Amino acid sequence: MVEWSRDALARCATLDELSEVVRACRNCGLRQQARGVVFGEGAPTARIVFCGEGPGAEEDRLLRPFVGAAGKLLDQMLRAMGFDRFRNAYILNVVKCRPPGNRAPTEEERERCRPNLEAQLALIRPAIVVLLGATAIQAFIDPGARVSRVRGQWVVRDGRWLMPTYHPAALLRNPGWKREAWEDLKKVIDKYRELVDPAHDTPYYPLPKRAESSRDA
Ligand code: URA
């Protein structure tokens, strides 16, 4: 039987090993009321991570992140950006167990789950982390940060480029915010082209055309 400890987290060499350890976590009270731990999913080699708040009812039922209504919108956002959760992106949450009644996790719950999150990021080693909504933004940037104040502006921490933006559930409630969200996501595509793959393409935000002069040369 695997036991949870910070040492056990640090010893993991793969995400599969890590998920076993995180599944044994009882570091806060959330696990007691949840069906299980929602570790996260995606391509282990992804250079971009999308971080939400915590599992909702559907995620807790299926033990997979972002599989409810907000998840469907997130998948559309990924597709528009040229990403896919199993091919070239990783999806996870600040807390791995569902807060009862879909409330936001408390600061203490966030902090107790932080070693799990940090261990995931240490193995994935993303160049870019897209912070979806207030909980992720507060966990990564500043406990007092407001989405409306900080969204769309890069923050560099621990060698990672962080882009705060709206949570897809907020976009479902406020479709008028989608325009601003797309501006943020275009910045993410630009940064991904700069840091990871200059040829990264998507029909919704095509690569800039090469200059005439370089074609003639
Ligand atoms: N909202 C989140 O923040 N995460 C999920 O996994 C699902 C909904």
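In this chain, residues are counted from 1 in sequence order. Both ligands and their constituent atoms are indexed starting at 1 by order of listing. Since this is a predicted model, take the numbers as computed values, not measurements.
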Quick one, Tyr205 with Asp190, criterion side-chain hydrogen bond (donor to acceptor under 3.5 Å, both in side chains). Give me CA distance, side-chain angles, the key distance, then yes/no.
CA-CA 9 Å; Tyr205 187 53; Asp190 283 337; 3.1 Å; yes

Could you go through the side-chain hydrogen bond (donor to acceptor under 3.5 Å, both in side chains) check for Ser19 and Arg23 one step at a time?
CA-CA 6 Å; Ser19 79; Arg23 260 189 268 281; 2.9 Å; yes

Go through the steps to decide whether Asn27 and Arg31 satisfy the test side-chain hydrogen bond (donor to acceptor under 3.5 Å, both in side chains), and finish with yes or no.
CA-CA 8 Å; Asn27 217 19; Arg31 178 66 184 83; over 6 Å; no

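With sequence neighbours left out, Ala80 forms a side chain to side chain contact (heavy atoms under 4.5 Å, CB included) with Trp182, Tyr204. Scanning for side chain to side chain contact (heavy atoms under 4.5 Å, CB included) contacts around Glu194 gives Lys191, with sequence neighbours left out.
Leu207 belongs to no hydrophobic cluster with other residues, because no ILVMFWY side-chain heavy atom falls under 4.5 Å from its own, directly or through intermediates.
Within 4.0 Å of ligand 1, protein heavy atoms come from Gly52, Glu53, Gly54, Glu59, Pro65, Phe66, Asn93, His167.
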